[in-house]
Amino acid sequence: MVCGGFTCSKNALCSLNVVYMLVGLLLIGVAAWGKGFGLVSSIHIIGGVIAVGFFLLLIAIVGLIGICKKESVCFSCGDKMLNHATEALKILGGVGLFFSFTEILGVWLAVRYRNQKDPRANPSAFL
């Protein structure tokens with residue numbers, strides 16, 4: 001099979017997740033090492049770096065577990081993406097309608113404000 005097919009993509013994703021696991025472990029290790037030797041005194045920075053490393057490690061592990069097939073029935077990626085896109089477009093359409101109605105309300109208020117007479121203005125002035 002040529003490169004760019006399913007096997008090549010699967011192997012590339014597996015290797016990318018392994019690299020992300022190593023980066024996550026490296027972040028956790030460097031933060032702990034920096035705190036151990038007293039190079040960084042802020043516990044907030046150390047905690048943030050360790051949290052980011054842990055989150056990256058967790059996502060990489062989930063990514064490696066997700067290339068595993070557990071069901072005998074497999075839906076194509078196109079069908080799953082089409083279902084997801086349909087749901088997302090329904091939500092997006094509702095949000096768009098909500099904001100379009102608020103924009104119409106804004107235009108109405110702007111026209112109403114524009115046509116009001118300023119009570120502080122000189123009554124004998126033309127404009």
Interatomic distance, L22 atom CG to L27 atom CG [nearest 0.5 angstrom]: 11.0 Å

My understanding is that a hydrophobic cluster links ILVMFWY residues whose side chain heavy atoms are under 4.5 Å apart, including indirect links. Using that, what else belongs to the cluster containing L58? none

Among pairs that include at least one residue of residues 36-65, which meet ring pair (Phe, Tyr, Trp, His ring centres under 6.0 Å), considering only residues two or more places apart or in two chains? W33-F37

Close side-chain approach of M21 to I61, heavy-atom, < 4.5 Å: yes

Hphob cluster co-occupancy, V18 + L57, side-chain heavy atoms under 4.5 angstrom: yes

Name all residues meeting the side-chain contact (heavy atoms from CB on, under 4.5 Å) criterion together with V30; count only those two or more places apart in sequence or in a different chain, and write none if there are none. L26

Minimum heavy-atom separation for G24 and L56, please, with both atom names. N-CD2, 3.9 Å

When clusters are formed by joining ILVMFWY residues with side-chain heavy atoms under 4.5 Å apart, either directly or through shared neighbours, do I45 and I50 land in the same one? yes

Linking directly or through intermediates, with side-chain heavy atoms under 4.5 Å: list the remaining ILVMFWY members grouped with Y113, chain and number order. none

Side-chain atoms of residues 86-98: list all donor-acceptor pairs with protein atoms under 3.5 Å, sequence neighbours left out, distances to 0.1 Å.
unit_1 : atom_1 : unit_2 : atom_2 : d
T86    : OG1    : L82    : O      : 2.7

Which heavy atom in A60 sits nearest to a heavy atom in N17, and how many Å separate them? CB-O, 3.4 Å

Kindly work out whether a path of hydrophobic side-chain contacts (I/L/V/M/F/W/Y, heavy atoms less than 4.5 Å apart) joins L64 to L25. yes

Could you identify which residues cluster with I43, counting Ile, Leu, Val, Met, Phe, Trp and Tyr as linked when any side-chain heavy atoms lie under 4.5 Å apart, either directly or through a chain of such contacts? none

